[in-house]
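Positions are given from 1, in the same order as the sequence printed here.
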Amino acid sequence: MHDFRALRSDPVAFDNDLARRGLSAVSQTLLSYDEERRSYLNELHQKQADRNNISKQIGQLKRNKENSSVLEAQAIRLRQEIDSLQTHADKLDQQIFEVLASLPNRLAVEVPTGKDETENVVVHYWGKIREFGFTPLQHFELGEKSGLMDFNAATKLAGARFSILRGALARLDRALGQFMLDFHTTEHDYEEYVVPLLVNEQTMFNTDKLPKFGDQSFCTKDDRWLIPTAEVPLTGIQAGEIINYDQLPVRRTALTACFRSEAGAAGRDTRGLIRQHQFYKVEMVSVTAPEESEKEHERMTRCAEMVLEKLELPYRRVLLCSGDTGFGAAKTWDLEVWLPGQQAWREISSCSNTRDFQARRMNARYRPQPEEGRKTTPVFLHTLNGSGVAVGRALVAVMENYQNEDGSISIPEVLRSYMGGIEKIG
């Protein structure tokens with residue numbers, strides 16, 4: 001999860017990074033565990049050498065048909081001592097692992113220090129906010145008014161925070177997902193994937209969703225996990241692999257259902273599609289060399305922005321502060337779309353550079369270009385992920401921004417071919 005050599009060389013910087021996230025210092029605890037573990041291992045290696053030497057002596061005595069019982073007793077004691085030392089070293093190794101697994105990624109230097117979302121930094125705005133000649137409705141009011149959105153039936157089937165779309169609204173939802181996939185694969189060089197919606201525990205850990213977010217995900221009775229985002233399988237493909245430099249960057253995309261048990265702040269977004277247990281999202285994942293990841297991060301964010309620009313939806317780009325940056329991210333750009341029904345900016349895409357944080361968890365490496373014909377040592381990749389974008393929230397944004405006074409919804413021009421030429425629904 002973390003470069004332990006970097007921690008040893010500058011523990012103060014490591015603790016300062018944690019402090020920016022509001023966390024307590026841990027470097028001295030980790031270094032004390034590590035020092036004790038290494039002392040056990042040094043003693044263990046010495047006793048292994050002693051035991052090997054005694055074993056040779058015992059062999060020589062037996063070949064000479066001499067009594068080796070004293071040395072054999074010493075060898076047994078050494079074996080017991082070696083086992084005890086190994087147990088102590090393994091216990092400390094597990095303690096180090098558990099502490100590291102609970103720690104978030106180190107933040108990029110340019111991430112502003114702040115306690116929460118109120119201290120995020122707006123970088124730029126795009127698009128013109130529409131002026132309505134009437135009071136705009138929220139999306140769920142539009143959906144229920146047209147009879148194309150049914151929350152009561154969904155609650156009967158599955159409980160709260162589920163929805164049913166039907167007819168033209170269901171088709172609009174599908175059109176958004178297909179448009180995004182087509183756009184990213186034909187214009188942005190992402191390769192489309194169909195991936196499992198259920199993954200094992202190791203894959204969830206590899207992509208930093210466990211142990212931190214176990215209580216926010218759904219687990220089946222046979223210990224598989226419903227994916228909270230397609231980032232998990234799309235990035236997890238790289239686990240244990242070593243690829244060549246000339247294969248980079250790798251860019252993957254998928255449209256999947258996503259599942260999250262976490263429902264956000266109590267009493268917030270209890271109606272509508274903003275925060276659901278099941279939702280659809282087009283995910284983008286990139287795998288790059290370290291020196292290319294910052295440029296790839298900007299590229300990925302622009303890919304998401306261009307989706308919103310094609311849909312002609314007003315948005316703003318936000319740099320998340322230290323207190324709002326996700327567990328696995330070193331740096332995150334959020335895109336927030338304007339919702340006239342709510343009179344608020346709401347997140348519709350989040351694009352993060354995790355640097356080598358996930359790659360270390362899953363041992364994903366690449367082999368740099370050879371230097372003067374010499375074989376190079378594999379190094380950890382950088383992984384990035386971003387929403388390209390959340391389909392449900394895009395549907396919300398289209399409904400609210402393209403609504404008419406009679407409750408109908410105009411279809412964005414870029415989606416009309418996906419809607420069979422229909423220009424208005426509801």
Side-chain angles (χ1 to χ4, degrees), residues 1 21 23 97-105 117 154-155 157-163 177 193-240 252-270 272-285 320 324-330 332 334 346-352 354 357-362 364 383-393:
M1 290 75 74
R21 289 185 180 266
L23 300 175
F97 174 84
E98 288 174 359
V99 173
L100 288 174
S102 71
L103 297 179
N105 200 353
E117 62 183 15
T155 300
L157 294 172
R161 296 192 184 273
F162 289 92
S163 60
Y193 280 70
V194 175
V195 293
L197 300 183
L198 287 165
V199 296
N200 57 36
E201 185 172 306
Q202 186 63 51
T203 301
M204 287 283 282
F205 175 84
N206 288 346
T207 47
D208 63 63
K209 304 302 177 281
L210 292 178
K212 175 70 173 176
F213 302 108
D215 62 344
Q216 298 178 19
S217 300
F218 291 103
C219 186
T220 64
K221 291 181 179 179
D222 62 352
D223 295 325
R224 290 184 176 88
W225 295 79
L226 286 163
I227 62 169
T229 164
E231 168 206 344
V232 173
L234 288 175
T235 308
I237 291 169
Q238 217 59 47
R252 303 179 177 124
T253 188
L255 168 60
T256 67
C258 306
F259 305 89
R260 294 182 190 175
S261 62
E262 179 270 332
R268 188 182 183 190
D269 300 321
T270 55
L273 303 178
I274 292 291
R275 203 175 293 275
Q276 300 249 290
H277 290 317
Q278 174 187 310
F279 58 96
Y280 289 84
K281 182 156 66 83
V282 173
E283 187 72 8
M284 303 176 291
V285 160
L320 299 195
D324 200 32
T325 301
F327 180 84
T332 298
D334 267 10
R346 300 302 302 269
E347 178 200 334
I348 194 169
S349 174
S350 189
C351 298
S352 297
T354 73
F357 187 72
Q358 293 178 332
R360 286 180 179 276
R361 293 170 87 99
M362 66 177 70
T383 61
L384 304 94
N385 61 81
S387 309
V389 296
V391 176
R393 294 197 177 195

Is the closest side-chain heavy-atom distance between Asp208 and Arg361 below 4.5 Å? yes
Assess, by modelled atom type and distance only, whether the side chains of Thr332 and Thr325 contain a donor and an acceptor separated by less than 3.5 Å. no
Phe205 and Pro211, any side-chain heavy atoms less than 4.5 Å apart: yes
If only atom types and distance count, is the side chain of Ser261 paired as donor or acceptor with the main-chain N or O of Asp215 below 3.5 Å? yes
Least distance between heavy atoms, Cys219 atom then Trp225 atom: SG-CE2, 3.7 Å
Would you kindly say whether Ser163 and Gln276 are connected by a side-chain donor-acceptor distance under 3.5 Å? yes
Testing the 3.5 Å rule here: is there a donor-acceptor pair between the side chains of Asp334 and Ser350? yes
Just wondering, do Thr235 and Asn206 contact through their side chains at under 4.5 Å, heavy atoms? no
Is there a side chain to side chain contact (heavy atoms under 4.5 Å, CB included) between Tyr193 and Ile237 once you walk through the steps? CA-CA 11 Å; Tyr193 280 70; Ile237 291 169; 3.7 Å; yes
Heavy-atom distance under 4.5 Å between the side chains of Leu384 and Met284, does that happen here? no
Heavy-atom count around Arg224 CZ within 6.0 Å, excluding the residue itself: above 12? no
Using a cut-off of 6.0 Å, state whether more than 12 heavy atoms not belonging to Glu201 lie near its atom CD. no
Side chain to side chain contact (heavy atoms under 4.5 Å, CB included) with Glu283: which of Asn385, Leu255, Thr253? Asn385
Would you call Thr203 and Pro196 a side-chain contact if the rule is heavy atoms closer than 4.5 Å? no
Residue pair Glu231 / Gln358, side-chain heavy-atom distance below 4.5 Å: yes
Has Arg260 got a side-chain atom pairing as donor or acceptor with Pro228's backbone, closer than 3.5 angstrom? yes
Looking at Phe279, I want to see if its CZ is surrounded by more than 12 non-hydrogen atoms of other residues, nucleotides or ligands under 6.0 Å. yes
Show your working on side chain to side chain contact (heavy atoms under 4.5 Å, CB included) between Met204 and Phe213 and close with a plain yes or no. CA-CA 9 Å; Met204 287 283 282; Phe213 302 108; over 6 Å; no
Quick check: do Arg393 and Ile274 have side-chain heavy atoms less than 4.5 Å from each other? yes
